Enquirer: 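After the structure tokens below, expect a handful of questions from me.
Residue numbers start at 1 and run along the sequence shown. These figures come from a predicted structure and were not determined experimentally.
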Amino acid sequence: MKPYTWTEEHDRQLRDMYPYMLNKDIAERMGCSVNTIMRKAKALGLKFSDKREVYHDQRSRILTDAAFRDGRRPPEKKKDWKPKWTPESRAKLSNTRRLMYQRERRRLLYNLPPLTNIRVNLDGRVERKRRKQKQNNKS
């Protein structure tokens with residue numbers, strides 16, 4: 001970008017627009033970079049606290065622009081959208097889990113190696129993984 005030449009008219013415009021507009025919008029309107037606007041505003045003694053109301057009012061637009069800077073947009077919900085966990089899906093999951101435990105118990109009874117990381121006792125109970133406790137060896 002070419003160096004931007006400031007005039008008294010540009011200074012006046014910046015002082016008028018600064019409290020009511022975002023730096024990005026001012027830069028687009030004046031044809032310079034956002035860094036140029038920030039540097040000149042600091043040189044003119046304009047403070048960010050003058051803009052707090054502007055940023056508060058336009059917060060949702062600012063956050064959306066920041067999140068989707070590269071042009072991506074969030075996917076829209078489909079018309080036939082359903083929540084992830086329905087009673088049917090929960091029942092199917094619990095049934096699948098129950099069958100998996102049964103298979104592991106059978107493998108254990110016939111001395112076969114386990115297929116999963118699930119530990120099953122001979123009495124059919126599922127062992128929970130416990131965290132290893134750190135031992136403080138002070139010698």
Enquirer: To the nearest 0.5 Å, how far apart are CG in Asp11 and CG in Leu46?
Expert: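 That separation rounds to 9.5 Å.
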
Enquirer: Return the NZ to CG distance between Lys40 and Leu14, rounded to the nearest 0.5 Å.
Expert: 8.5 Å

Enquirer: Give the intermediate values and the outcome of side-chain contact (heavy atoms from CB on, under 4.5 Å) for residues Leu115 and Arg103.
Expert: CA-CA 9 Å; Leu115 289 177; Arg103 275 188 241 116; over 6 Å; no

Enquirer: When rounded to the nearest 0.5 angstrom, what is the spacing between NE2 in His10 and OG1 in Thr7?
Expert: 4.5 Å

Enquirer: Under the salt bridge (charged side-chain N to carboxylate O under 4.0 Å, His left out) rule, collect the residues that match up with Glu8, sequence neighbours excluded.
Expert: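 By the salt bridge (charged side-chain N to carboxylate O under 4.0 Å, His left out) rule, Glu8 matches no residue at all.
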
Enquirer: Is there a side-chain contact between Lys42 and Arg39 in this structure, where contact means two heavy atoms from C-beta onward sitting under 4.5 Å apart?
Expert: no

Enquirer: Under a 4.0 Å threshold between the charged nitrogen and the carboxylate oxygen, would Arg29 count as salt-bridged to Asp25?
Expert: no

Enquirer: To the nearest 0.5 Å, how far apart are CE in Met21 and CD1 in Ile37?
Expert: 9.5 Å

Enquirer: Report the distance from atom OG1 of Thr36 to atom CD1 of Ile26, rounding to the nearest 0.5 Å.
Expert: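 Rounded to the nearest 0.5 Å, the OG1-CD1 separation comes to 12.5 Å.
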
Enquirer: Let me confirm one number: the CG-OH distance from Leu108 to Tyr101, rounded to the nearest 0.5 Å.
Expert: 14.5 Å

Enquirer: Taking the side chain as every heavy atom from C-beta outward, state whether Pro114 and Glu104 have any pair of such atoms under 4.5 Å apart.
Expert: yes

Enquirer: Are Met30 and Met17 side-chain neighbours, meaning at least one heavy-atom pair lies under 4.5 Å?
Expert: yes

Enquirer: Start with the C-alpha distance between Gln13 and Tyr18, add both sets of side-chain angles, then the distance that settles side-chain contact (heavy atoms from CB on, under 4.5 Å), and finish with yes or no.
Expert: CA-CA 8 Å; Gln13 285 178 351; Tyr18 192 78; over 6 Å; no

